[in-house]
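Residue numbers count from 1 along this sequence. Source: prediction; values computed, not measured.
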Amino acid sequence: MFKVLGILSVVLAGAASAQQAADAVEPEAGGVGAFDGLPAAFTAALAAKDAGKAVLASDWMIAAANPHAVKAGADVLAAGGTAADALVAVQVVLGLVEPQSSGLGGGAFLVWYDAASGEVITLDGRETAPLAATPRLFQDAAGEPLKFFDAVVGGRSVGTPGTPALLAEVHARWGNQPWASLLQAGIDLAEGGFAVSPRLAKLVARDAERLASSDVTAAYFMPDGVGVAAGDTLTNPAYAQTLRAFALDGADVFYGGSIGREIVATVQGVVDNPGVLSEVDMSIYRVKKRAAVCAPYRGHDVCGMGPPSSGAVAVGQILAALEGFDLSAGPQDLDVRRLMGDAARLAFADRGRYLADSDYVPVPVTGLLDPAYMAERAKLLDRETALEEVSAGEPAWDHALLWADDESIELPSTSHISIVDSAGNVASMTTTIENGFGSRLMVGGFLLNNELTDFSFRSHKDGVPIANRIEPGKRPRSSMAPTIVMKDGKPVMAVGSPGGSRIIGYVAQTIVAVLDWGMDVQKAVSVPHAVNRFGTYDLEEDTAAVELTEGLTAMGFEVGARGLTSGLHVIAIRDKLHGGADPRREGIAYGR
């Protein structure tokens, strides 16, 4: 039995109200905790993070969101596997121990540096809209946008999952270990059980009403009607069975096989809010290789994922706007924060109008990152106060059609994995099911995404089309920003974060912290956040960032303090490998 709960009223009406809608949702919980049964070296990695020290290694390294997942990947690398092999093992375990953030029911973007060829390659494993999707999918009978969680909870929001296909593609391209062996750690942990982390328990308690909308989901996360508690041992035999099928039949079991059919039946079978995903949608899904988007900064090339992600373009625009300014005074300097805040506002204005799936709408990526265009945008920052108004620019473009400003929001869940292997291959992958716990539907022991709510709920605004409107087969715009920073043709850093649309600010700040403020990677990910998107300057509550409130307000910014639970995982590649894991979550960096 499924039902839809009208929990939060969110009306999407322009960029400012989109931020207000996102801000109305409580930030995703942070939290760390003890992890029993792990080798002492992994406990030491947790202790290093707590002490604010980067982890050093000579051969290989992983930074990811849960020690169990890091151990699974580390075992693969220690056995001679590549970063691609380890990525499979890490993702499979994350889908078990951090199920609210990513998994086999979601999608991911991968930025890969291939040591043999010296090439930066990006693979798009983003979910797709069903072929039966219409512009009215997220509108009521009067043509008005649905309340946000009325759209999310149930089958309507589920897009074709891309993560299983991406994992298979990664292994086929760059793996050297037997496929089935990479899933074994996930199988063992699902059958033997794992201790529920404090963060997972907190998130279950906070989302109990929505989780209760599905009997299957409620039975797993709230057995006997009570949410799982920190320290409880949780087993997932259904997930173990899914992984055994995945090990035996590969991605075909999802895209034309029994698990795919079960996904479709579940999505279509929701009583109050069924979706339109079909077996045809599953069977035609393909991972796409896309051109990396790179932007120069301080003698480096910052490379990431292009459309349908807005991540690389927006991060590149922020850095390009800052290139001509001295930021060395550091994160507590008001003028530095003024520059960073307004650079982000300019980037988000362009993002809201121009960025979408470039297979469906023309996107001026080259024009948005053109040095001449960015020099003009940067001139707007040459002042002492905040910009009074911010609007999208007019980049060079051979396309006459103008787009309306988007109205979609992204909420802060997701996970990020950074890996460097002994051959010098580098993987930076951000992976998601979108909102925490996705659509709240479970199949085969994993949650299904609500990725379609990343589209605009309206197709037009004042008669002008919105680039990120929903269309059959289209991939929704994302802010995920898996990044590899290059210098002289070699990788020097892998970085990325969860956090919805704030991902862009988290990643940009971390790059600035390393390249401008001279911080090691652990200090860089620990810097208090100050994030500006559409207008409100969010300062991380209970940190030194809130000391900037009075000064930024005097400069003309609207300022607010709130939780900013990033999940940055960074590896710097120098004479040694330097790993950093976000202290706001339970991940670690580990290497040898």
Side-chain angles (χ1 to χ4, degrees), residues 31-94 96-98 177 181-189 192-200 230-231 233 415-429 493-495 520-526 567-592:
V32 297
F35 289 86
D36 297 330
L38 290 169
F42 292 86
T43 303
L46 278 168
K49 181 180 75 170
D50 292 343
K53 296 179 180 179
V55 173
L56 304 183
S58 300
D59 193 15
W60 51 259
M61 180 167 282
I62 300 175
N66 185 283
H68 290 296
V70 172
K71 182 181 184 301
D75 289 344
V76 170
L77 292 177
T82 68
D85 294 315
L87 196 66
V88 174
V90 172
Q91 175 65 91
V92 163
V93 174
L94 282 179
L96 174 68
V97 299
E98 195 196 38
Q177 298 294 292
S181 71
L182 306 178
L183 309 184
Q184 193 59 51
I187 293 170
D188 292 344
L189 204 55
F194 64 95
V196 173
S197 72
R199 178 167 170 261
L200 176 56
T233 298
S415 199
H416 182 80
I417 306 162
S418 293
I419 305 176
V420 179
D421 66 24
S422 59
N425 300 303
V426 181
S428 181
M429 187 174 88
M493 183 165 60
V495 57
D520 70 32
V521 292
Q522 187 58 53
K523 287 185 173 58
V525 301
S526 304
L568 289 150
H569 293 108
V570 188
I571 301 173
I573 306 162
R574 301 170 183 164
D575 53 336
K576 288 183 177 290
L577 300 173
H578 297 236
D582 203 312
R584 302 164 184 85
R585 301 204 188 193
E586 57 198 19
I588 60 171
Y590 176 80
R592 289 184 189 170

* Residue pair F194 / T233, side-chain heavy-atom distance below 4.5 Å -> no
* Heavy atoms only: give me the nearest A427-A83 pair and the separation to one decimal. => CB-CB, 4.3 Å
* Where is the tightest heavy-atom contact between A48 and V55, given as atom of each residue plus distance? -> CB-CG2, 4.1 Å
* **Under 3.5 Å: donor-acceptor pair, side chain of D85, backbone of T82** => yes
* **Check: L182 and V76 side chains under 4.5 Å, non-hydrogen atoms** => yes
* To do: Check whether any side-chain N or O of Q522 sits under 3.5 Å from a backbone N or O of A581 as a donor-acceptor pair, and report yes or no.
  => yes
* Minimum heavy-atom distance between V90 and G73, given as atom pair plus value -> CG2-CA, 3.7 Å
* Structure fact -> dist L96:CG -> Q91:CD (nearest 0.5 Å) comes out at 11.5 Å
* Asked: Is the shortest heavy-atom distance from the side chain of I62 to the side chain of Y590 under 4.5 Å?
  -> no
* Asked: Should H578 and L56 count as side-chain neighbours, where that means a heavy-atom distance under 4.5 Å?
  -> yes
* Asked: Do we see a donor-acceptor contact under 3.5 Å between the side chains of N66 and E98?
  -> no
* State the CE-OG distance between M61 and S422, to the nearest 0.5 angstrom. => 13.5 Å
* Do L87 and M429 come within less than 4.5 Å of each other through their side chains, counting heavy atoms only? -> yes
* To do: Quick one: closest heavy-atom pair of V92 and G186, and the distance?
  => CG1-CA, 4.0 Å
* Where is the tightest heavy-atom contact between H569 and S418, given as atom of each residue plus distance? -> O-OG, 2.9 Å
* Asked: Got a donor-acceptor contact below 3.5 angstrom from the K49 side chain to the G587 backbone?
  -> yes
* To do: To the nearest 0.5 angstrom, please state how far the OG atom of S197 sits from the CZ atom of R585.
  => 11.0 Å
* Asked: Are side-chain heavy atoms of L94 and I417 found at a separation under 4.5 Å?
  -> yes
* **A589 versus G579, closest heavy-atom pair with distance** => CB-C, 3.6 Å
* S58 vs R592 side-chain heavy atoms within contact, under 4.5 Å -> no
* To do: Measure from the side-chain N and O atoms of R584 to the backbone N and O of V525, and report whether any donor-acceptor pair falls under 3.5 Å.
  => yes
* What distance do Q177 atom CD and L77 atom CG have between them, rounded to the nearest 0.5 Å? -> 9.0 Å
* Quick one: which of D582, V495, D520 gives a side chain to side chain contact (heavy atoms under 4.5 Å, CB included) with V570? -> V495
* Asked: Does any non-hydrogen side-chain atom of V420 lie less than 4.5 Å from one of W60?
  -> no
* To do: Could you give me the CA-CA distance, side-chain angles and deciding distance for I571 and V521, then say whether side-chain contact (heavy atoms from CB on, under 4.5 Å) is met?
  => CA-CA 7 Å; I571 301 173; V521 292; over 6 Å; no
